[in-house]
Amino acid sequence: MKKALLIMKAEIAKQKQHDYHSYFVYFSLLIWPVLGFLEVYYTYKPFEFSKYMGISGNKGLLAFLGTGFMAYTCFWSMVQNAWSMAGQERKGGTLEITFLSPANRLAMCWGRALGALIQEVWMFGCFCIFILIYTGAVRWSNLALLPVLLVLLIVSSAIWGGMLNALFLFSRDTSIIMDLFDMPMTLFSGTRVPVDSFPHWAKVVSMAFPLTYCINIIRFALDIQKSGRGWQAELLGLLVCLGVMVSLTVFVIDRVERHNRETGELQFY
């Protein structure tokens, strides 16, 4: 366990030195998600909300979008980072270190994911907490839930990012896989539109993304969402989804390592 934590710490430090080398970078990481948040907010603001899907008034809309965008930013950074790191290491000729090193492969994938999460999300997280306090979603009665929800979001994002890092190890055209994972996640996970408003087939698709469960749990805990199966069912669904992703990550890492030993190449196509 200690060795795995040291490996993850080393990966986080490596990413910080490579990608986050100036204060301007941190400033830009706050600006773009805030602008995206405001774009969606002012798109919906002119419409009248009469408790549609639990959204009532401007503050209700702010709380709904704030929780959705905070969770989405965490998961999106995992997609972006996995795509960026795979491309940079493949071009730089350092991708082979993943298998030449005696370090635990799973810890390396999760460490890369956490590097992006910690560096990119903390500023926007502060912004979202301010929004939730302003809208009244965060109160003294549920204030103690915030650290629990934050840990849940970080763990889920790291496992999601670890799976993507494993997939990108043997993908030469990572941009296609990035689009396949990012756009459906944005549409079906409930970041901007309540999942209850989707047709049945779209609801089934949304169950494949851990972000859907995370957003629902956060909104249930903060009393932003009242309809649905409840946070207990969402938590059970999240645990099942995360278990499947961990198993898939282990399988992919083992498969690509065996492929590398047999052919000397780190891509299947």
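Just so you know, residue 1 is the first one in the sequence shown, and it goes up from there.
Here I133 pairs with I129, V138 under the side chain to side chain contact (heavy atoms under 4.5 Å, CB included) rule; sequence neighbours left out. In terms of the side chain to side chain contact (heavy atoms under 4.5 Å, CB included) criterion, F130 has no residue partners (sequence neighbours excluded).
Separating the CD1 atom in I218 from the CG atom in L146 is a distance of 9.5 Å, to the nearest 0.5 Å. Rounded to the nearest 0.5 angstrom, I159 CD1 and I154 CD1 are separated by 12.0 Å. One distance of note links OG1 of T212 with CG of N216; it measures 7.0 Å at 0.5 Å rounding. To the nearest 0.5 Å, the span separating CH2 on W160 from OG1 on T249 amounts to 10.5 Å. The CE atom of M70 lies 5.5 Å from the CG atom of L153; values are rounded to the nearest 0.5 Å. Residue I217 holds its CD1 atom at 8.5 Å from CG of L149, rounded to the nearest 0.5 Å.
The closest side-chain heavy-atom distance from L238 to L152 is below 4.5 Å. S206 places none of its side-chain heavy atoms less than 4.5 Å from the side chain of S189. Contact annotation: the side chain of F64 never approaches that of R192 to less than 4.5 Å [non-hydrogen atoms, C-beta and beyond]. Side chains of V252 and M163 form no contact here, defined as non-hydrogen atoms less than 4.5 Å apart.
Transitive grouping of hydrophobic side chains (ILVMFWY, heavy atoms separated by less than 4.5 Å) brings L248 and V155 into a common cluster. Y134 and L65 fall within the same hydrophobic cluster, defined by Ile, Leu, Val, Met, Phe, Trp and Tyr side-chain heavy atoms under 4.5 Å apart, directly or through other members. Neither L236 nor F220 shares a network with the other; the hydrophobic side chains, linked directly or stepwise wherever heavy atoms of I, L, V, M, F, W or Y lie under 4.5 Å apart, form separate groups for each.
Annotation for L242 and S156: closest pair CD1-OG, 3.8 Å, computed over non-hydrogen atoms. The minimum heavy-atom distance linking T135 with A63 is given by the pair OG1-CB, 3.7 Å. Of all non-hydrogen atoms in G190 and V195, the two that sit nearest each other are CA-CG2, 3.8 Å. Across all their heavy atoms, S157 and C74 have their closest contact at OG-CB, 3.3 Å. The two residues M245 and P210 make their nearest non-hydrogen contact at CE-CG, 3.5 Å. What you find for L132 and L222 is that their closest heavy atoms are CD1-CD1, 3.8 Å.
If you check the side chains of T186 and Y72, you find a donor sitting under 3.5 Å from an acceptor.
Applying the ring-ring contact (aromatic ring centres under 6.0 Å, His included) test to pairs two or more places apart or on separate chains, those with a residue in residues 189-215 are F188-W201.
The main-chain N or O of G161 is found under 3.5 Å from a side-chain atom of N165 such that the two form a donor-acceptor pair.
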